[in-house]
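Just so you know, these numbers use all the heavy atoms, side chains as well, and skip hydrogens, waters and symmetry mates. Proteins come first, then strands; the chains are lettered A, B, ... in the order of their sequence lines, and each starts at number 1.
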2 protein chains.
Amino acid sequence: MPDLDHDSPVPLWEQLAGRLREEITSGRLTGRVSSATALAMSYGVSRDTALRALAQLASEGLTVARRGRGTFVVPAADRGR
Amino acid sequence: MPDLDHDSPVPLWEQLAGRLREEITSGRLTGRVSSATALAMSYGVSRDTALRALAQLASEGLTVARRGRGTFVVPAADRGR
DNA sequence: GAGAATTTGTACGTATGTATG
DNA sequence: ACATACATACGTACAAATTCT
């Protein structure tokens, strides 16, 4: 898994969202998604950037974020509702 | 025009987006919208907060933002396309 | 055409609030 | 009481696009 490209015109948070989106839609990632802090550390970006990626996925209905609990993948069958 | 309420549970950026949305949908605000910096100053919030409000309106299709130019109200007739 | 100023966008850092475990 | 985690909000900095001098 290559690092995110800091020189790309594509924003880091979009790149990260893309990675996660791919893992989710392919079914490889289910259940709980890594926290913004964990993602920030493992991808070498700021927490804010990771947070933005997570917020993006949530706005797409791919995940639901619950305060104090975490971000969870919405089962494919429940998507679009 | 009352100030934004810093103690409200409603986020400042949402409050600001609400103000602008109202001005736009009522037709009182057309053409160019104040810059993020100007909004931040006049409403006593950070530029980040103002930007978020503007981004929200853009995501709703109420405005279009153009780098180096500004944010512009989408004519009512063109909304939803 | 060069340079400065303006404006949106992205990114990082930090702090605080709120909710859950 | 404490740790974890999302959300908001501040400040700052730089890049990119446009406009003005």
Side-chain angles (χ1 to χ4, degrees), chain A residues 2-21 23-24 29-75 78, chain B residues 2-21 23-24 29-75 78:
Chain A
D3 280 354
L4 299 178
D5 184 0
H6 286 250
D7 296 328
S8 165
V10 179
L12 286 177
W13 67 266
E14 248 187 58
Q15 292 182 47
L16 178 51
R19 299 280 185 94
L20 298 171
R21 188 184 301 110
E23 291 189 9
I24 291 170
L29 175 56
T30 58
R32 199 175 161 288
V33 182
S34 298
S35 74
T37 307
L39 286 172
M41 299 231 304
S42 62
Y43 282 94
V45 296
S46 77
R47 186 179 153 278
D48 184 80
T49 300
L51 220 37
R52 269 181 94 162
L54 290 175
Q56 177 59 34
L57 297 176
S59 81
E60 293 171 13
L62 255 34
T63 61
V64 251
R66 297 216 190 91
R67 260 193 180 164
R69 303 226 284 140
T71 296
F72 302 86
V73 175
V74 174
D78 298 349
Chain B
D3 280 354
L4 299 179
D5 182 2
H6 281 67
D7 296 329
S8 164
V10 179
L12 288 175
W13 66 266
E14 246 184 62
Q15 292 182 47
L16 178 51
R19 298 280 185 94
L20 298 171
R21 189 184 302 109
E23 290 189 11
I24 291 170
L29 175 56
T30 58
R32 197 172 164 290
V33 182
S34 299
S35 73
T37 307
L39 286 172
M41 299 232 305
S42 60
Y43 282 93
V45 296
S46 73
R47 182 176 165 274
D48 185 79
T49 300
L51 262 179
R52 212 165 155 180
L54 289 175
Q56 176 61 33
L57 297 175
S59 80
E60 293 172 13
L62 254 36
T63 61
V64 247
R66 297 219 190 89
R67 258 192 182 171
R69 304 232 289 141
T71 298
F72 302 85
V73 175
V74 174
D78 299 349

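A 3.5 Å limit on both hydrogen-bonding distances identifies dT20(C) as the Watson-Crick or G-U partner of dA3(D).
Between the CG atom of L16(B) and the C1' atom of dT8(D) there is a distance of 14 Å, rounded to whole Å. Between the CG atom of L4(B) and the C1' atom of dA9(D) there is a distance of 13 Å, rounded to whole Å. Atom CH2 in W13(B) sits roughly 17 Å away from atom C1' in dC10(D) (whole-Å rounding). A straight line from CG of L51(B) to P of dT12(D) spans 15 Å, rounded to a whole angstrom.
Between V73(B) and the options D78(B), I24(B), V64(B), a side-chain contact (heavy atoms from CB on, under 4.5 Å) holds for only I24(B).
Put simply, the side chain of L20(B) reaches to within 4.5 Å of the side chain of L54(B), judged on heavy atoms.
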- side chain to side chain contact (heavy atoms under 4.5 Å, CB included) assessment of Q15(B) paired with Y43(B): CA-CA 11 Å; Q15(B) 292 182 47; Y43(B) 282 93; over 6 Å; no
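Among residues two or more places apart in sequence or in another chain, the side-chain contact (heavy atoms from CB on, under 4.5 Å) test is passed with A38(A) by S34(A), S35(A). Partners of E60(A) according to the side-chain contact (heavy atoms from CB on, under 4.5 Å) rule, which considers only residues two or more places apart in sequence or in another chain, are R21(A), Q56(A), L57(A), L62(A).
Scanning residues 30-41 of chain B for heavy-atom distances under 4.0 Å to DNA chain C yields R32(B), S35(B), A36(B). Near-neighbour residues of DNA chain D inside residues 54-62 of chain B, defined by a heavy atom below 4.0 Å, are absent.
Of the inter-residue distances, the one linking L16(B) atom CG with T49(B) atom OG1 reads 8.5 Å to the nearest 0.5 angstrom.
Residue pairs meeting the salt bridge (Lys or Arg N to Asp or Glu O under 4.0 Å) criterion with at least one member in residues 38-58 of chain A, sequence neighbours excluded, do not occur.
The shortest distance between the side-chain N/O atoms of R52(A) and the OP1/OP2 oxygens of dT10(C) is below 4.0 Å.
The heavy-atom pair separating A53(B) from A17(B) by the smallest distance is CB-N, 3.8 Å. Nearest heavy atom pair, residue A36(A) against residue A50(A), reads O-CB, 3.3 Å.
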- Item | Under 4.0 Å protein heavy-atom contacts per nucleotide of nucleotides 12-20 of chain C, with B for base, S for backbone only and - for none | SS-B-BSBB
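Without hydrogens or angle criteria, T63(B) side chain to A58(B) main chain gives a donor-acceptor distance under 3.5 Å.
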